[in-house]
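This report concerns only the one structure given below.
So that the names make sense, note that chain A is the first sequence line, chain B the second, and so on, each numbered from 1.
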Amino acid sequence: MATRKAASHNSGELRLRPLRRAALPAATRALARFLIGKYVVHDVPQGRLCGRIVETEAYPPGDAAGHAYIGETRRNRALFLRRGHAYVYFAYGSSYLLNVSSESRGVGAGVLIRALEPRAGIAEMERRRGSKRLRDLTRGPGRLAEALGVDLRQNGVDLCGHGTLRLASDGRKPGAIGRSVRIGITKDAHRLLRFYERGNPYVSGSRRLNH
DNA sequence: AGTGCGATTGACT
DNA sequence: GTCAATCGCACTA
């Protein structure tokens, strides 16, 4: 039984299939929920960096808290691509944040990837992060982007294509999914648009929000 | 050219 | 738990 558990939770045998665009739900909230348990893969010169998504936030069309709310600008352009494209931006002078565009071309909405469970390339991710505690390697949107080597170069790339950065699935269903308000915003702060896998140690946020 | 403000993080009490 | 660093962006003039 110990071996069974190891097989399901360790990175040893990781069979991933690319996520085709047609498999992505065509609405922002549904996509945010769908992405829990899926994978972000980034192939870099040092090898494959990969994490399982355990926390997301939806920023639907017309959401005052979303970057697309002000209309299309040079910075948020990628949010207006059809679903499945990367929107990466630089926040607080220190962190890159990775989002997945989530609606039809021209609409403007996205899903923020807030936390990953490290699955492959852990040594290289630790090197890129300056080797902190494993628990903090990809817990938080800025941290996971740094670990995966995601920055403005990936802004606008197709995550359902054949590029080095893409989404994937292991075909398994995730554990129980919890919801809460979104973290770090002030507008529309009451909406329950944050999704996370219950009990997963790599989920960010306070105990109160992760109940 | 100047201003205000974050979809955060790491250091610290 | 609290708090400030940090800088690109959008907006005003």
> Same cluster for A/Leu24 and A/Leu81 if Ile/Leu/Val/Met/Phe/Trp/Tyr side chains link at under 4.5 Å?
Replying inline: no
>> In this structure, how many angstroms lie between the C1' atom of B/dT9 and the CG atom of A/Leu98, rounded?
In response: 17 Å
> Do A/Glu124 and A/Arg127 sit within salt-bridge range, that is, some charged N less than 4.0 Å from a carboxylate O?
Replying inline: yes
>> Whether the A/Asn210 and A/Tyr196 side chains hold a donor-acceptor pair (N or O, under 3.5 Å, no angle test) is what I'd like checked.
In response: no
> What string of B, S and - do you get for nucleotides 1-13 of chain C 5' to 3' if you count protein non-hydrogen atoms under 4.0 Å?
Replying inline: S----BBSSS---
>> Using a strict threshold of under 4.0 Å (side-chain N to carboxylate O), is an ion pair present between A/Arg194 and A/Glu55?
In response: yes
> Is a side-chain donor or acceptor of A/Arg21 paired with a backbone partner of A/Arg83 at a separation under 3.5 angstrom?
Replying inline: yes
>> With a 4.0 Å cut-off on N to O distance, would you call A/Asp63 and A/Lys187 a salt bridge?
In response: no
> Do any N or O atoms from the side chain of A/Asn76 and from the backbone of A/His67 form a donor-acceptor pair under 3.5 angstrom?
Replying inline: yes
> In whole angstrom, what separates A/Arg139's CZ from B/dT9's C1'?
Replying inline: 11 Å
> In whole Å, what is the span from the CG atom of A/Asp63 to the C1' atom of B/dG6?
Replying inline: 15 Å
>> What is the separation between atom CD on A/Glu57 and atom C1' on B/dG6, rounded to the nearest whole Å?
In response: 14 Å
> Quick one: which of A/Glu103, A/Glu72, A/Arg105 gives a side chain to side chain contact (heavy atoms under 4.5 Å, CB included) with A/Phe80?
Replying inline: A/Glu72
> What is the distance from OH of A/Tyr59 to P of B/dG6, rounded to the nearest Å?
Replying inline: 12 Å
> Contact class for A/Asp136 (heavy atom, under 4.0 Å): base, sugar-phosphate, or nothing?
Replying inline: nothing
>> Using whole Å, what does the distance between atom P of nucleotide B/dT8 and atom CD of A/Glu55 come to?
In response: 10 Å
> Are A/Arg182 and A/Tyr59 in a cation-pi setup, meaning NZ or CZ lies under 6.0 angstrom from the ring centre and within 45 degrees of the ring axis?
Replying inline: yes
> Between atom CZ in A/Arg133 and atom C1' in B/dG10, what is the gap in whole Å?
Replying inline: 12 Å
>> Just N and O in the side chain of A/Arg194: are any of them under 4.0 Å from OP1 or OP2 of B/dA7?
In response: no
> Pick the nucleotide of DNA chain B nearest each of A/Thr186 and A/Leu144; which residue has the one closer to the 5' end?
Replying inline: A/Thr186
> How many Å lie between CZ on A/Arg135 and C1' on B/dT9, as a whole number?
Replying inline: 15 Å
> Which comes earlier along DNA chain B counting from the 5' end, the contact point of A/Gly140 or that of A/Lys187, where each point is its nearest nucleotide?
Replying inline: A/Lys187
>> As a test of your reading of the structure, name each stem of DNA chain C as range with range, where a stem is three or more consecutive Watson-Crick or G-U pairs at under 3.5 Å.
In response: B:1-6 with C:7-12, B:8-12 with C:1-5
>> Base, sugar-phosphate or nothing for A/Leu97? Non-hydrogen atoms, less than 4.0 Å.
In response: sugar-phosphate
